[in-house]
Number of protein chains: 2
Amino acid sequence: MTSRGAGKQVRKSAAERRGEIVAAAARVGLQEGLECVTRQRIADGLGVQPGLIHHYFPVVEELVAEAFTSATAAELDGLLPSTAAPERVGGDALRTLQRFFTLISGAEFDDISKLWINARHLSRYRPVLRDQVVSQELRWCHRIEQIIAEGVGERSFRCDDPWAAAVRILAVVDGAGAYINTSADQRMAPLADLARRIAEAELGLPADGLRSP
Amino acid sequence: MTSRGAGKQVRKSAAERRGEIVAAAARVGLQEGLECVTRQRIADGLGVQPGLIHHYFPVVEELVAEAFTSATAAELDGLLPSTAAPERVGGDALRTLQRFFTLISGAEFDDISKLWINARHLSRYRPVLRDQVVSQELRWCHRIEQIIAEGVGERSFRCDDPWAAAVRILAVVDGAGAYINTSADQRMAPLADLARRIAEAELGLPADGLRSP
DNA sequence: GATGCTATTGGCTTTGCTGCCAATTGAGTA
DNA sequence: TACTCAATTGGCAGCAAAGCCAATAGCATC
């Protein structure tokens, strides 16, 4: 039903159309899964013909990969604003992490968990996607590492190896999110604060030191 | 090339043939991925016609689900022999877990990690598979819980809530295995002993208490 | 207003998987 | 040996996706 009908074709600049396509693909990938990112599905969503998608992305896998990157990059900035981001002021590495652990506990994070599982599995067969997934995984890690390093500088955290700590914290986050499509319900309680608790241990914080006030 | 040719049809008992099919499907699912479990692929592997697969599994998804269950159930018994298993003697909960953490560090565990990711993602679209995945996830959890409880009885472990501990330990195991298709190489070192260390903490053991002698 | 560029259309073919089924044939039984 | 039943064959059609492309039609420029 999205802007159905028309019939009259709307001609846009290549950059704008391309952006639209990637955005639509990212939305579909996030909500319905990356295997639903097909020429037909994206074309329908935009009210254009499938051929147009092929014009911008002759190889569908490249669109899938870009959709994934678009979705996760945006999400990362929402969950963990970079040090350079305008909304971040100095001296709040602690608060940034507190906010992070609150956000990933919310139901809004479920789609992201599903997307990561989706992408990590699909990477087994799709090298182009795989490269993007690896790249994004490392971006997320580096972002955490950066915040940890900042917090160590501010004397909020105590940590010898911010990179290793970041890798471990994210692994636990991913582990706790791994059951989102299956037995998540049966595991709720024991996993509720696991990632936060591990992070507190990694960063030399007292219990609940990363819980939002 | 597997028993190619023939041409002469070989007639087996329904139970035997069915077992062959599931075994072949489990092998394909484990090594190539569950989406490679198709009528054609399995028939080729067994040197029969695709129609025969349909005879035993009119709905392919049911074969996929059974293949998954077959593979993971066998693996569970290999990694964590049940208390009732013949090779387990009394008083070795500790040794069983030590062995477990050694085994999951080996490269042989990679295919299992891939299979779990595969199945957890596919469960998003396939309800029949999903039920089996949930069931197996809980089986793995219960097996660990059982061993923890046994170890607590033997005074090897200290743990108030074996179920919660089992859930958390498996979550970390899954988290550390989540990158097997993507950035596993870049994360090796920090994740090497993460699951074992977390388990030691959960079970009130000293550092390296679960490392194999 | 005419022209040229290119975004966009609306098909095409190939491929692979699913669900289905009538005919055949092998093996155990009378 | 002949019979019977079920395992097995070897096809069928439907569908959805990918990759491809010639023709069409907006928009900018002259």
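In what follows, chains carry the letters A, B, and so on, assigned in the order in which the sequence lines appear, proteins first and then strands, with residues in each chain numbered from 1.
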Open item on the list: Classify A/Pro50 by what it touches in the nucleic acid, base, sugar-phosphate, or nothing, heavy-atom distance under 4.0 Å.
Closed with: nothing

Open item on the list: Quick check: any donor-acceptor pair below 3.5 Å linking the side-chain of A/Arg17 to the base of C/dT8?
Closed with: no

Open item on the list: Measuring only between side-chain heavy atoms, which start at C-beta, is B/Cys141 closer than 4.5 Å to A/Arg187?
Closed with: yes

Task: Short side-chain N/O contact to C/dG19 OP1/OP2 from B/His54, under 4.0 Å - done: no

Task: Euclidean distance, atom NE2 of residue A/His55 to atom C1' of D/dA23 [Å, nearest integer] - done: 15 Å

TODO: State plainly whether the residues B/Glu137 and B/Arg143 are in salt-bridge range, i.e. N to O under 4.0 Å.
DONE: no

- [ ] State which of C/dT18, C/dC17, C/dT9 makes the closest approach to the side chain of A/Gln9.
- [x] C/dT9

- [ ] Could you check which of C/dG26, D/dT8, C/dT8 has an atom nearest any side-chain atom of B/Leu52?
- [x] D/dT8

Open item on the list: Whole angstroms only, please: what is the NZ-P distance between A/Lys12 and D/dG26?
Closed with: 15 Å

Open item on the list: Please report the distance, rounded to the nearest Å, between CD1 in A/Ile53 and P in C/dA7.
Closed with: 14 Å

TODO: Mind calculating the distance between CD1 (B/Ile21) and P (D/dA7) to the nearest angstrom?
DONE: 11 Å

Open item on the list: Centre-to-centre under 6.0 Å for A/Trp116 and A/Phe109, is that the case here?
Closed with: no

Open item on the list: For D/dA7 and B/Tyr56 - does any side-chain N or O of the residue sit under 4.0 Å from the phosphate oxygens OP1/OP2?
Closed with: no

Open item on the list: Nearest 0.5 angstrom please: B/Ile180 CD1 to B/Ile112 CD1, how far?
Closed with: 11.5 Å

Quick test: give all pairs of protein nitrogen or oxygen and nucleotides 12-14 of chain C nitrogen or oxygen below 3.5 Å, distance rounded to 0.1 Å.
none

Task: Nearest listed nucleotide, side chain of A/Gln49, among D/dC21, C/dT8, C/dG10 - done: C/dG10

Throw together a table of side-chain donor-acceptor distances under 3.5 angstrom for residues 22-35 of chain A, partners on residues two or more places apart or in other chains.
residue, atom, partner, partner atom, Å
A/Glu32, OE1, A/Arg41, NE, 3.1
A/Glu32, OE2, A/Arg41, NH2, 2.6
A/Glu35, OE1, B/His121, NE2, 2.9
A/Glu35, OE2, A/Asn118, ND2, 2.9
A/Glu35, OE2, B/His121, NE2, 3.2
A/Glu35, OE2, B/Tyr125, OH, 3.3

- [ ] Look up atom CD in B/Glu150 and atom OG1 in B/Thr96, then write down how far apart they are to the nearest 0.5 Å.
- [x] 6.5 Å

TODO: Calculate the interatomic distance between A/Gln40 atom CD and D/dC15 atom P; express it in whole Å.
DONE: 14 Å

- [ ] Using whole Å, report how far CD1 of B/Ile42 lies from C1' of C/dG16.
- [x] 15 Å

Task: Any A/Phe100 side-chain heavy atom under 4.5 Å of A/Ile104 side chain - done: yes

Task: Nearest-angstrom distance from the residue atom CG of B/Leu34 to P of C/dC17 - done: 15 Å

Open item on the list: Whole angstroms only, please: what is the CZ-P distance between B/Arg18 and D/dA6?
Closed with: 17 Å

